[in-house]
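Take a look at the structure set out below.
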Protein chains: 2
Amino acid sequence: MKAKMTVKEIAKMAGVSPTAVSFVLNNKEGVSEKTRQRVENIIKATNYTPDKNARRLYFKKSFNICLAITKKSSPFADLFYLDVLKGVLQRGMEHGYNVMISEFPEQFPEGRNFSSSIAGGDTDGVIFFQDTPEQLLRYFDEQEIPYVLVDTHSQAGRHITVDTDCELSTFVATEKLIENGHRKIALLCSSFLPEFYLQVSSGFMRAVAGHGLSVSPSYLIRDAYNEKSAYELMKKFLEENRDDLPTAFFCAGDIYAIAAMNAAMEMGYRVPDDFSFIAMDDIIISQYVRPQLTTITYDKCAMGAQAIDLLVDLINHKPAQSVVIKSDRIIERESIRRLV
Amino acid sequence: MKAKMTVKEIAKMAGVSPTAVSFVLNNKEGVSEKTRQRVENIIKATNYTPDKNARRLYFKKSFNICLAITKKSSPFADLFYLDVLKGVLQRGMEHGYNVMISEFPEQFPEGRNFSSSIAGGDTDGVIFFQDTPEQLLRYFDEQEIPYVLVDTHSQAGRHITVDTDCELSTFVATEKLIENGHRKIALLCSSFLPEFYLQVSSGFMRAVAGHGLSVSPSYLIRDAYNEKSAYELMKKFLEENRDDLPTAFFCAGDIYAIAAMNAAMEMGYRVPDDFSFIAMDDIIISQYVRPQLTTITYDKCAMGAQAIDLLVDLINHKPAQSVVIKSDRIIERESIRRLV
DNA sequence: CTGTTAGCGCCTTCAT
DNA sequence: ATGAAGGCGCTAACAG
């Protein structure tokens with residue numbers, strides 16, 4: 001690191017006091033136009049920027065925002081979050097924050113000191129993804145470090161969150177299936193986030209009921225939690241229901257759809273000839289899989305930007321309100337067959 | 001942010017001077033064993049950690065390391081770097097650094113001030129991926145901020161780098177094809193990194209020549225630079241060489257192989273029945289594509305960790321030596337057919 | 001309108 | 001072995 005200029009040196013060069021320089025830097029009142037000009041010229045000429053570490057100390061702020069992900073997150077999850085990261089990065093910079101990434105273990109050892117485990121102990125605020133241990137959240141509550149939860153579908157009102165409206169998305173996707181002539185539709189979902197399951201099944205039922213259709217309870221597959229489990233659940237489902245199969249599946253996540261399609265195809269079924277699939281998330285893999293997956297897309301980058309805006313408000317002790325991202329945008333690819 | 005303890009308060013509680021506390025914190029000599037004990041107990045009890053911002057100022061270090069990626073990097077590139085990010089994160093933390101991410105534009109406007117464009121102007125060192133504008137590197141040289149280049153295949157010796165040995169990988173992959181009975185093998189590569197092309201073609205030729213095979217110049221497709229261009233190059237190749245087609249392709253990157261397979265299949269060829277494919281990188285998509293791609297894998301996480309080790313040495317003004325990661329590990333999947 | 005000064009929390013000589 | 005003092009670079013109160 002090269003030796004940098006200081007306010008004092010700039011002041012000396014401009015023949016003014018450090019205060020004047022500071023005022024100019026921070027666009028404050030109390031300095032005559034012509035001194036301001038002179039100082040600004042020197043600043044430009046010397047390419048001076050105030051030392052951030054000194055400001056950190058003075059303001060008791062690190063100007064770092066931390067994006068926390070769980071260590072064992074699946075590649076799929078990473079993929080979804082990769083896009084929101086873009087939004088976080090860009091908006092974070094606009095607000096003058098660095099964004100750092102930090103992994104935290106799924107389980108914290110008892111009585112462990114968290115402070116070093118995440119964010120190296122200094123961050124002005126954090127963004128959490130996925131299911132975050134309640135324990136961790138409480139720690140940040142105690143430290144009075146603000147955070148926002150993204151795509152976490154926690155109970156309404158408990159925290160500041162940026163979530164997707166999965167009721168709506170599920171409804172729209174299911175409608176799409178029905179429009180294409182499907183009458184016997186199954187649902188593949190996870191239930192480990194109760195709120196999430198609630199919304200998905202509600203959207204699903206709303207669409208189905210709206211068309212006077214009914215759905216067999218056995219068509220509700222709800223215990224998926226990752227690719228592998230979805231794959232196995234699907235195989236089991238196809239065997240057990242071999243006498244009365246659906247023609248289409250709504251999957252509450254691309255990951256589940258991809259796994260389920262693989263399971264079906266391995267058992268000799270064809271997609272979309274035998275089964276149609278629609279999902280939601282639009283992760284990058286969905287366009288590389290064959291058949292390409294039709295799915296509902298979200299503006300994930302915007303979600304990241306939103307999260308930062310909220311977090312910055314929180315940091316500045318301004319009121320902030322959870323936001324929900326609505327999307328009915330279907331990316332039509334190859335996994336739906338029109339029934340005549 | 002909750003009010004934190006200070007050295008002074010700790011000192012008062014322990015009935016010693018701040019200096020003593022500081023010595024204990026930094027494991028320095030000059031404090032009796034029993035005072036050390038007392039102080040340590042207080043520290044534990046109060047969960048005290050020294051204020052990082054104050055240390056930053058004193059040491060003139062931000063304790064931030066920046067991982068810089070180009071703004072327009074393709075999703076594929078992101079995928080490769082996602083894994084090295086894991087290594088960077090973990091090792092960075094071990095060294096006591098935060099790792100922050102920063103995007104930089106492909107092209108910098110003339111005479112622009114870089115300092116705010118990347119890393120918010122304060123980072124102790126940076127890790128670059130991919131092709132990085134020479135201009136940017138020079139800026140960091142001037143600022144005397146150390147950096148290391150990852151997977152960049154720049155000219156040997158000019159910078160500290162962590163690169164893969166693509167000569168070796170190409171050789172091994174090509175051998176694999178030959179072992180499987182292939183005699184007419186084409187090469188799909190990029191040439192925008194001259195050093196990279198040099199190594200790849202050298203490994204390719206070494207394998208081919210080692211078996212007394214020859215290769216038609218028209219089998220050297222070298223101007224791919226992304227998925228789309230690889231796709232188009234492949235289509236063109238298949239048309240132009242329709243009278244004398246190879247039976248196998250080595251592609252210098254999964255991305256190229258995936259695009260090329262798509263091109264071939266769209267033209268009615270079957271993979272691996274008509275053409276076998278092998279590549280190198282092992283990005284996540286390769287296992288979701290059909291047929292699943294056989295490819296050479298790298299320990300990307302280790303690459304990230306390596307890069308951090310090197311960077312930390314540089315930061316501490318210790319000598320550092322570029323490293324090259326060798327890999328001959330083939331992940332066998334479905335894209336190679338054995339010729340009888 | 002300008003300059004002097006104190007202090008953010010820590011670390012490290014230098015005396016004691 | 002311990003305590004006092006100065007300073008890292010910046011900002012903002014307070015005099016002038």
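Just so we're on the same page: letters track the sequence lines, and every chain starts at 1. Just so it is clear, the model here is predicted, and its values are computed rather than measured.
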_Nucleotide nearest A/Val7 (side chain, heavy atoms from C-beta), chosen from D/dC8, C/dC1, D/dT11_ = D/dT11
*Provide, to the nearest angstrom, the distance between the CZ atom belonging to B/Phe23 and the C1' atom belonging to C/dC10.*
13 Å
*What are the two closest non-hydrogen atoms of A/Asp163 and A/His153, and how far apart are they?*
OD1-N, 3.0 Å
_Could you walk me through whether B/Ile308 and B/His95 satisfy the side chain to side chain contact (heavy atoms under 4.5 Å, CB included) test, starting with their C-alpha distance in whole Å, then the side-chain angles of each, then the deciding distance to 0.1 Å, before giving a yes or no?_
CA-CA 9 Å; B/Ile308 288 286; B/His95 284 289; 3.6 Å; yes
*Assign A/Asn53 to base, sugar-phosphate, or nothing according to its heavy-atom contacts below 4.0 angstrom with the strands shown.*
nothing
*Round to a whole Å and report the spacing from CZ of B/Arg38 to P of D/dA1.*
15 Å
_What is the distance, to the nearest angstrom, from the CZ atom on B/Arg36 to the P atom on D/dA1?_
10 Å
*Choosing from C/dG3, C/dC10, C/dC11, which nucleotide comes nearest the side chain of B/Ser22?*
C/dC11
*For the pair made of NZ in A/Lys61 and C1' in C/dG9, what is the distance, rounded to whole Å?*
18 Å
_Which nucleotide wins on minimum distance to the side chain of A/Asn26, given the candidates D/dT2, D/dG9, D/dT11?_
D/dT11
*Starting at atom OH of A/Tyr58, determine the distance to atom P of D/dC8, rounded to an integer number of angstrom.*
18 Å
_Whole angstrom value for the distance that separates C1' of C/dG7 from CZ of A/Phe59_ = 14 Å
*asked:* Of the options D/dG9, C/dT12, C/dC1, whose atoms approach the side-chain atoms of A/Ser32 most closely?
replied: C/dC1
*For B/Asp51 and C/dG7, what is the distance between atoms CG and P respectively, to the nearest whole Å?*
18 Å
*Confirm from the modelled atom types if A/Thr19 and C/dT4 form a donor-acceptor pair under 3.5 Å, side chain to base only.*
yes
_Validation row: B/Tyr97, B/Val99 side chains within 4.5 angstrom (heavy atoms)_ = no
*asked:* Students often get this wrong, so: under 4.0 angstrom with heavy atoms, is B/Lys8 touching a base, only sugar-phosphate, or nothing?
replied: nothing
*Can you tell me the distance, in whole Å, between the OH atom of A/Tyr48 and the P atom of D/dG9?*
10 Å
*Between B/Leu57 and B/Pro18, who's closer to the 5' end of DNA chain C by nearest nucleotide?*
B/Leu57
_Between A/Arg55 and D/dT11, is there a contact of a side-chain N or O with OP1 or OP2 at under 4.0 Å?_
yes
_B/Tyr147-B/His159 aromatic ring centre distance below 6.0 Å_ = yes
*Would you call A/Asp151 and A/Val162 a side-chain contact if the rule is heavy atoms closer than 4.5 Å?*
no
*Listed nucleotide nearest any side-chain atom of B/Val31, set D/dT11, D/dT2, D/dG9*: D/dT2
*Does a nitrogen or oxygen in the side chain of B/Thr35 sit under 4.0 Å from OP1 or OP2 of D/dA1?*
no
